[in-house]
Amino acid sequence: MNFLSVENFSVDLKEFKLKNISLSLDKGDYCTIIGPTGAGKTILLESIIGFHKLQTGRVFLDNKEITHHLPEKRKIGIVYQDYALMPHFTIYRNIEYGLEKVYNKKTEKELIRKKIAEISASLNITHLLKRTPGTLSGGEQQRASLARALAVEPNMLLMDEPLSALDPSTRRETRILLKKIIKKIGMTVIHITHDFEDVWSFANKVSIFKGGEQIQFGTILDVFERPKNDFVASFLGTLIYDGKINKVTKNYSVIDLNGLLLKSSEMTDKKQEVTIAIRPENIIITDDISPYESRRMNIFEAKLTDIVRDGNVFFGLVEAYENCFKAIIPHWTVDRLQSKIDSNLYAVIHEMNVKIL
């Protein structure tokens, strides 16, 4: 049985509803939940921990049904975006307060002290224990919040955009530290985020939410490379094309996209129209095809129409046979390719990266 199982989960809060959510995680899985604002992601976490009553469905954790357990009996930690530290307590007292709900303060005082020392050292906040939250930076408060949640040794951890309020540099540092400690203790995690860097850095599972419904759930590669519908594809930036099967051999399929023939290492018995998916990071734009000619590559001429920047990522836009492709361009090639806009180059796609949906 899975470590966490959410079965046909529905919550009715009048102004918002979660509808028939089902997902399962194994011990040590790290699941990120992504989707538009207002999709119901936070309500899902709060329902798993027991803050909202279920209309339908059940929740199992570590082979035990916890559907009707009180939140404090579920052994699930939660970390919010705003840290939720008690402002009048020191950091030590914030962590201690949570431990007092698990251990007896009078008879197990030394055990509590030891646990605070251990978790504080692992998150590099030992020097902050005597300070109050208002005197700390955002990154320090977030680490203190994580320490409080992890000190009680929860069965799993829920996090609601824990890094979104941090500046980019602090976010990167906290991401590295968090990944290290989660891996060390083997914690099962559900993490809401709007930052795809969090998804790629942490997750092995991902869930896509929209309008109170789970649109797709699966491994990170399966969801990103095989989006279920146009919404998921658009949200994840996966390129979707409609084509026709031109030929099927024992090793590959050939798909016709308006006259452009692309090989896919995936087999199909279909002889008619199909949909394929290609990730931008799996398309190479080059003026030198010699490094790729001996490999199982689709190589075709394409016109570079523009180079656009999205945050810290550059995309090259190319056209071939009335098909438009968007490829991620490495930073070190941007200047050289800028001079080749409106010129014919080559696009290269490995046949294993042409996914038949």
Quiz prompt | Passing option when F300 is tested against L260, L261, N323 for side-chain contact (heavy atoms from CB on, under 4.5 Å) | solution =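 By the side-chain contact (heavy atoms from CB on, under 4.5 Å) criterion, F300 pairs with just one of L260, L261, N323: L260.
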
Can you see whether [X] engages [Y] through a side-chain donor-acceptor pair at a distance of less than 3.5 angstrom?
X	Y	answer
N8	T56	no
E65	T67	yes
D167	S169	no
T188	D29	no

Quiz prompt | side-chain hydrogen bond (donor to acceptor under 3.5 Å, both in side chains) pairs, two or more places apart, involving residues 70-80 | solution =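 Output for this query lists E46-Y80.
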
Exercise. Assign the ring pair H331 / F314 to parallel, tilted or perpendicular, where the plane angle (0 to 90°) is split at 30° and 60°.
Key: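 Plane angle over 60°, so perpendicular.
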
Quiz item: Is the F89 ring parallel, tilted or perpendicular to the Y97 ring (thresholds 30°, 60°)?
Solution: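 Tilted.
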
Minimum side-chain heavy-atom gap [X]-[Y] below 4.5 Å:
X	Y	answer
E100	R93	yes
I48	L61	no
L163	T193	no
V6	I190	no
I34	L236	yes

Return the minimal non-hydrogen interatomic distance between [X] and [Y], and the atom names on each side.
X	Y	result
F202	L178	CZ-CD2, 3.9 Å
L45	L158	O-CD1, 3.4 Å
L99	I116	CD1-CG1, 3.5 Å
P87	T132	O-CB, 3.9 Å
R279	T238	NH1-OG1, 2.8 Å

Atom [atom1] of [X] with >12 non-hydrogen neighbours under 6.0 angstrom:
X	atom1	result
K210	NZ	no
D287	CG	yes
K109	NZ	no
M352	CE	no
Y321	OH	no

Salt bridge present between [X] and [Y] (N-O < 4.0 angstrom):
X	Y	value
K115	E153	yes
E319	K303	no
E108	K114	no

Quiz item: Which pairs count as salt bridge (charged side-chain N to carboxylate O under 4.0 Å, His left out) when at least one residue sits in residues 211-221, sequence neighbours excluded?
Solution: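 Pairs touching residues 211-221 that pass the test: none.
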
Exercise. Any salt bridge (charged side-chain N to carboxylate O under 4.0 Å, His left out) involving residues 175-187? Give me the pairs, sequence neighbours left out, ordered by first then second residue.
Key: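 Residue pairs with at least one partner in residues 175-187: R175-D195, R175-D198.
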
Quiz prompt | Geometric cation-pi criterion K41 and F209, 6.0 Å radius, 45° cone | solution =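 That pair does not qualify as a cation-pi contact.
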
Quiz item: If you link I, L, V, M, F, W and Y whenever their side-chain heavy atoms are under 4.5 Å apart, who else ends up in the same group as I176?
Solution: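 Answer for I176: none, a lone residue.
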
Quiz item: With a cutoff of under 4.5 Å between side-chain heavy atoms, which Ile, Leu, Val, Met, Phe, Trp and Tyr residues group with M297?
Solution: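 Noted: M297 shares its cluster with I284, I289, Y292, I299, Y346, V348.
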
Quiz item: In terms of hydrophobic clusters joined by side-chain contacts under 4.5 Å, are Y252 and I245 together?
Solution: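 No; tracing contacts between hydrophobic side chains, which count when under 4.5 Å, never links both residues.
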
Quiz item: Excluding sequence neighbours, so at least two apart, what forms side-chain contact (heavy atoms from CB on, under 4.5 Å) with I341?
Solution: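 Only L304, D306, I307, Q338 meet the side-chain contact (heavy atoms from CB on, under 4.5 Å) criterion with I341.
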
